[in-house]
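Every heavy atom of this structure was used, including side-chain atoms; hydrogens, water molecules and symmetry mates were not. When a ligand or atom number is given, it counts from 1 through the structure's own listing order.
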Amino acid sequence: MSALLEIRNLKKEFAFGSILSRLRITAVDDVSFDINTSEIFALAGESGCGKTTTARMILGFEEITAGSIDHKRSVAPTDTRRDKVWLSHGVQAIFQNPFETFNPLRPVERYFFETVRNYKLADSDGKARTMVDETLRAVGLSFEEVSGRYPSEFSGGQLQRVSIARSLLTSPRLLIADEPVSMVDASLRMSIVNLFKQLRDEMHVSVLYITHDLATAYYVSDRIGIMFRGNLIELGVVEDVLMQPKHPYTQLLRESIPEADPNRRWTERVSLSDIEHEEYMRKGCRFAGRCPKAMEICRTDLPEDLRIGSVMVKCHLYAGECND
Ligand SMILES: Nc1ncnc2c1ncn2[C@@H]1O[C@H](COP(=O)(O)OP(=O)(O)O)[C@@H](O)[C@H]1O
Ligand SMILES: [Mg+2]
């Protein structure tokens, strides 16, 4: 397996409040992981743990406070005037709410033809149409079905497919999908996550699948990283992490998938709840206040990343078992 993206010691600090009463939180704290070629990597955890901030840094929407993001297999931009970080690295974003991705007053096909034109992907109208039809077929739709239709004429699930199809036009290597099914009808969620599998298998696209829903994460992903208050606390092959969770937080998460708030949007400036803030400010393990197995050291020292077999776990309980 070769890495497509290498994230090392990634950190993001946010400051709150007035200049006089500045509060800082480290929304993403020393996070490291790779995404391999043709891999679906899930990033999971309850709302406010730093998933979206991580995604936004990878996309270049948010400055990095420290650490590095290395796109190992960058593609040459086809048009440097429009060179955007994510595009030149072969990365595309799929947003939570497809109805916000498209202007309600424009037929959706226009977005496709605009992308083809902007990136000079075809040299005739006929070729452009064929290309658009091919990407729509890759997601189970066709140009016929989409032509002349406005966003409101699609269901959420269909429109999410349309937005995935559009992202495929530039032949991305990595899709970053932040809660892509949380606005989609429960009955259609599987068809969207299946689509990610199909794109991985047939087009060798990798997907960073961000979700608070462990059931779809288990179903769709190859590996998973669990975040808690800015820390990546467990990482490994999805069966290992979700079937034999090591970290007490992962164990809890598996039993009671916490209420997440799917309405929190990418760009929304959110205020911290008291508990969230208190946990972010903890000196030791951020989870110690809620952890049924917390020990004295957990309240004072942040655990190291420990490697147990193929799994990484950030928890003092395993300090003696580490195989490094
Ligand atoms: N632009 C911002 N300014 C200040 N704090 C932010 C900003 N964006 C996110 N945060 C805070 O960072 C933490 C992580 O947020 P986020 O990455 O959106 O988490 P998730 O996507 O896992 O719900 C939260 O406490 C959130 O309030
Ligand atoms: Mg989020």
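- Residue Lys51 places at least one N or O, backbone or side chain, under 3.5 Å from an N or O of ligand 1.
- Contact annotation: for Glu276 versus ligand 1, heavy atoms closer than 4.0 Å belong to the side chain alone.
- Distances from atom 12 (O) of ligand 1 to the heavy atoms of Ala44, Gly45, Cys49, Ala27 show the closest one on Ala27.
- Ion pairing between Arg229 and Asp29 fails under the 4.0 Å rule for side-chain N and carboxylate O.
- Within the listing of ligand 1, atoms 17 (O), 18 (O), 20 (P), 21 (O) sit less than 4.0 angstrom from a heavy atom of Thr52.
- Among all heavy-atom pairs drawn from Pro180 and Ile210, the shortest one is CD-O, 3.7 Å.
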Which is it for Arg129 and Asp133 under the salt bridge (Lys or Arg N to Asp or Glu O under 4.0 Å) test, yes or no, and what are the steps along the way? CA-CA 6 Å; Arg129 207 190 129 132; Asp133 187 54; over 6 Å; no
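- Although no hydrogens or angles enter the test, the distance criterion places a donor-acceptor pair under 3.5 Å between the side chain of Glu234 and the main chain of Lys246.
- Closest to atom 11 (C) of ligand 1 by heavy atom, among Thr54, Ile25, Thr211, Thr53, is Ile25.
- Per-residue contacts place Ser47 under 4.0 angstrom from the following atoms of ligand 1 (heavy atoms of the residue considered): 23 (O).
- Side chain of Arg299 to main chain of Cys285: no donor-acceptor pair is present (N/O by atom type, distance under 3.5 Å, no hydrogens or angles).
- The cationic group of Arg106 lies under 6.0 Å from the six-membered ring centre of Tyr111 and within 45° of the ring axis, placing it in a cation-pi geometry.
- Annotation: Gly48 places an N or O atom under 3.5 Å from an N or O atom of ligand 1; distance criterion only.
- With 2.8 Å as the limit, Thr52 counts as an N, O or S neighbour of the Mg ion (ligand 2).
- Relative orientation of the Phe228 and Phe287 rings is perpendicular, given thresholds of 30° and 60° on the angle between their planes.
- Between Glu62 and ligand 1, a contact under 3.5 Å exists for no N or O pair.
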